[in-house]
S.K.: 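One structure, as structure tokens, below. Some questions next.
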Amino acid sequence: MVKRNACIFISGKGSNLKSLIKNSRNHNFPISIKLIISNNTNAKGIWLAKVNSIPYLIINTKNRNFENLILNKVKKYKISIICLAGYMKMISKKFINNFGKTIVNIHPSLLPKFKGLNTFERVLKYKEKKTGCSVHFVNKKLDNGKVITQKSFFVEKNDSVKILKEKTQKLELFAYPEAIIKIYRNN
Ligand code: GRF
């Protein structure tokens with residue numbers, strides 16, 4: 001299988017990154033991770049780039065030119081898909097246009113419900129019966145692109161924000177690889 005070059009954007013722990021790295025070792029998995037980008041110098045996920053010898057770039061989003069720096073790098077590595085994995089910064093419309101290829105994101109709710117931040121608090125507030133995670137294409141509106149894969153579970157009586165987060169993040173580790181496979185299934 002011809003693997004597509006992928007770049008993963010992170011800001012924090014990198015559990016989704018870890019799962020994507022693990023899956024990409026399988027020769028049938030459609031992407032190969034060529035580059036990791038973090039907007040946070042202290043992101044634990046950077047360690048995963050180091051131990052797996054994957055090139056990485058730490059960007060300073062206070063630099064007005066930071067998106068151009070990213071674009072140059074993704075061009076250099078011939079990236080054809082960007083996976084946002086806990087990347088806590090909005091991607092600009094200009095970046096989406098200039099990259100011109102696939103960008104996907106993972107979000108901790110059953111979209112279109114609860115776009116944006118504090119999803120677990122809102123799941124409890126609105127007494128949702130079910131919640132979960134969604135992998136979706138990124139378009140110019142926040143958490144608004146077409147959903148590729150969702151995984152859900154029933155909210156239990158004693159579930160707190162912390163428990164909902166743990167349960168959701170466990171599902172994410174399966175949802176992201178599944179979505180990547182789905183994107184390339186017929187290509
Ligand atoms: C995930 O819960 C994801 O849904 C959200 O940020 C978290 C990332 O966690 N966008 P990690 O960095 O992959 O551990």
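We count ligands from 1, going down the list as the structure has it; atoms in each ligand are counted the same way.
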S.K.: Linking directly or through intermediates, with side-chain heavy atoms under 4.5 Å: list the remaining ILVMFWY members grouped with Ile163, chain and number order.
M.R.: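 Members alongside Ile163: none; it stands by itself.
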S.K.: Determine yes or no for a side-chain-to-main-chain donor-acceptor pair under 3.5 angstrom, with Ser11 supplying the side chain and Asn40 the backbone.
M.R.: no
S.K.: So which heavy atom in the protein is nearest atom 6 (O) of ligand 1, and how far is it from that ligand atom?
M.R.: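 Answer for atom 6 (O) of ligand 1: Gly86 CA, 3.4 Å.
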S.K.: Can you list the atoms of ligand 1 that are under 4.0 Å from a heavy atom of Pro108?
M.R.: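 Listed by number with element: 4 (O).
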S.K.: Looking at Glu166 and Lys170, is any side-chain nitrogen of the basic one under 4.0 Å from a carboxylate oxygen of the acidic one?
M.R.: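 No, no charged N to carboxylate O under 4.0 Å.
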S.K.: Atoms of ligand 1 less than 4.0 Å from Ser15 heavy atoms?
M.R.: 11 (P), 12 (O), 13 (O), 14 (O)
S.K.: Report the nearest protein non-hydrogen atom to atom 12 (O) of ligand 1: residue, atom name, distance rounded to 0.1 Å.
M.R.: Gly14 N, 2.8 Å
S.K.: When Ile, Leu, Val, Met, Phe, Trp and Tyr are grouped by side-chain heavy atoms lying under 4.5 Å apart, directly or through other members, which residues fall in the same group as Leu117?
M.R.: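 Members besides Leu117, by chain and number: Met88.
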S.K.: Do the side chain of Arg122 and the main chain of Lys115 share a donor and acceptor less than 3.5 angstrom apart?
M.R.: yes
S.K.: May I ask you to identify, for Lys165, whether its side chain, its backbone, both or neither come under 4.0 Å of ligand 1 on a heavy-atom basis?
M.R.: neither
S.K.: Is any N or O atom of Gln169, backbone or side chain, closer than 3.5 Å to an N or O atom of ligand 1?
M.R.: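 Yes, since at least one N or O of Gln169 sits under 3.5 Å from an N or O of ligand 1.
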S.K.: Rounded to the nearest 0.5 Å, what separates atom CD1 in Ile58 from atom CG in Asn42?
M.R.: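 Reported value, rounded in 0.5 Å steps: 8.5 Å.
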S.K.: Under 4.0 Å, counting heavy atoms only: does Ile10 come that close to any atom of ligand 1?
M.R.: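 No, that is not the case, since the closest heavy atom of the residue is not under 4.0 Å from the ligand.
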S.K.: Could you tell me the residue and atom name of the protein heavy atom closest to atom 10 (N) of ligand 1, and the distance to it rounded to 0.1 Å?
M.R.: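 The closest heavy atom on the protein side is Ile106 O, 3.3 Å.
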S.K.: Please determine whether any non-hydrogen atom of Gly45 lies less than 4.0 Å from an atom of ligand 1.
M.R.: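 Not so, Gly45 does not reach ligand 1.
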S.K.: Should the pair Lys130 and Phe154 be classed as cation-pi, given the thresholds of under 6.0 Å to the six-membered ring centre and 45° from the axis?
M.R.: yes
S.K.: Should the heavy atoms of other residues, nucleotides or ligands under 6.0 Å from NZ of Lys3 be counted, would the total exceed 12?
M.R.: yes
S.K.: Heavy-atom pairs closer than 4.0 Å: do any link ligand 1 to the side chain of Met88, the backbone, both, or neither?
M.R.: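 Within the 4.0 Å criterion, Met88 makes no contact with ligand 1.
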S.K.: Against heavy atoms of Glu172, which atoms of ligand 1 measure under 4.0 Å?
M.R.: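 Here the atoms of ligand 1 in question are 1 (C), 2 (O), 3 (C), 4 (O).
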